[in-house]
Amino acid sequence: MPELKRLHSGHAPAVLAFELANRTYFAASIPDRGDDFFDQFTVRHNALLTEQEAGSCAFYVLVAEDGSVLGRFNLYDLEDGTARLGYRVAEQAAGRGVATATVRELCRIATARHGLRTLRAATSHDNAASQKVLTKAGFVPVGPATPADLGGKSGTWYQRDLQP
Ligand SMILES: CC(C)(COP(=O)(O)OP(=O)(O)OC[C@H]1O[C@@H](n2cnc3c(N)ncnc32)[C@H](O)[C@@H]1OP(=O)(O)O)[C@@H](O)C(=O)NCCC(=O)NCCS
């Protein structure tokens, strides 16, 4: 059974393998991370862990029984009970409800572990799968997302008020 785990330094090789294997798949819906991300992966990974230790972000990986990463689910800019949600799921696991179930689980963790009351997420107009994930996980559209929010595309901000 895949498990949602807090990101740590030991996840680095599996996260890199996940990002490399799915680079083309992800780039069809969201901006590509760029070559620098892959060239400087360890430095970037350590920087994320430093941010996480500081408490401004919380990063999670969905790990399969064999240790491979099936998805990444991240909370950014934790402040005043609110955070921004981002996620990506491996192509090999797509279309089986993995993102929807894990976003629901992360909503519970966001309240219980991080004391959050509201989550926000932006998705582009052409990302129908992500819109569906958010809607099924209880998010509602709250306003327009600009190309600055979405790496060049227009879309919608969604929000979910969490139950304590
Ligand atoms: C978006 C993403 C996380 C979805 O992951 P997933 O595990 O396949 O999602 P789920 O299986 O939980 O749900 C996807 C839903 O979208 C639907 N869907 C998938 N592609 C679709 C499309 N092109 N048009 C309409 N609906 C689509 C699926 O049918 C499913 O709905 P259903 O359960 O009612 O049938 C994954 O595609 C991904 O990582 N994409 C690239 C990164 C990304 O877009 N991240 C989100 C940024 S906001």
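Each ligand, and each atom within it, is numbered from 1 in the order the structure gives.
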Response to the item:
Interatomic distance, CZ@Arg72 vs CG@Asn22, rounded to 0.5 Å, equals 11.5 Å

Worksheet item: Any side-chain heavy-atom pair from Phe73 and Val103 closer than 4.5 angstrom?
Response: yes

Discussion item. Do His114 and Leu75 have side chains that approach each other closer than 4.5 Å (heavy atoms only, starting at C-beta)?
Written reply: yes

Worksheet item: Taking only residues two or more places apart in sequence or in another chain, which ones pass side-chain contact (heavy atoms from CB on, under 4.5 Å) with Asn127?
Response: Ser29, Ile30, Thr123, Ser124, Ala129, Ser130

Discussion item. Closer than 4.0 angstrom, basic N to acidic O: yes or no for Lys153 and Asp126?
Written reply: yes

Worksheet item: Any idea which residues sit under 4.0 Å from ligand 1, heavy-atom distances?
Response: Tyr25, Phe26, Ser29, Ile30, Tyr87, Arg88, Val89, Ala94, Gly95, Arg96, Gly97, Val98, Ala99, Thr100, Ala122, Thr123, Asn127, Ala128, Ala129, Ser130, Lys132, Val133, Lys136

Practice prompt. State whether Arg84 and Asp149 are salt-bridged, where the test is any N-O pair (Lys NZ or Arg NE/NH1/NH2 against Asp/Glu carboxylate O) under 4.0 Å.
Written response: no

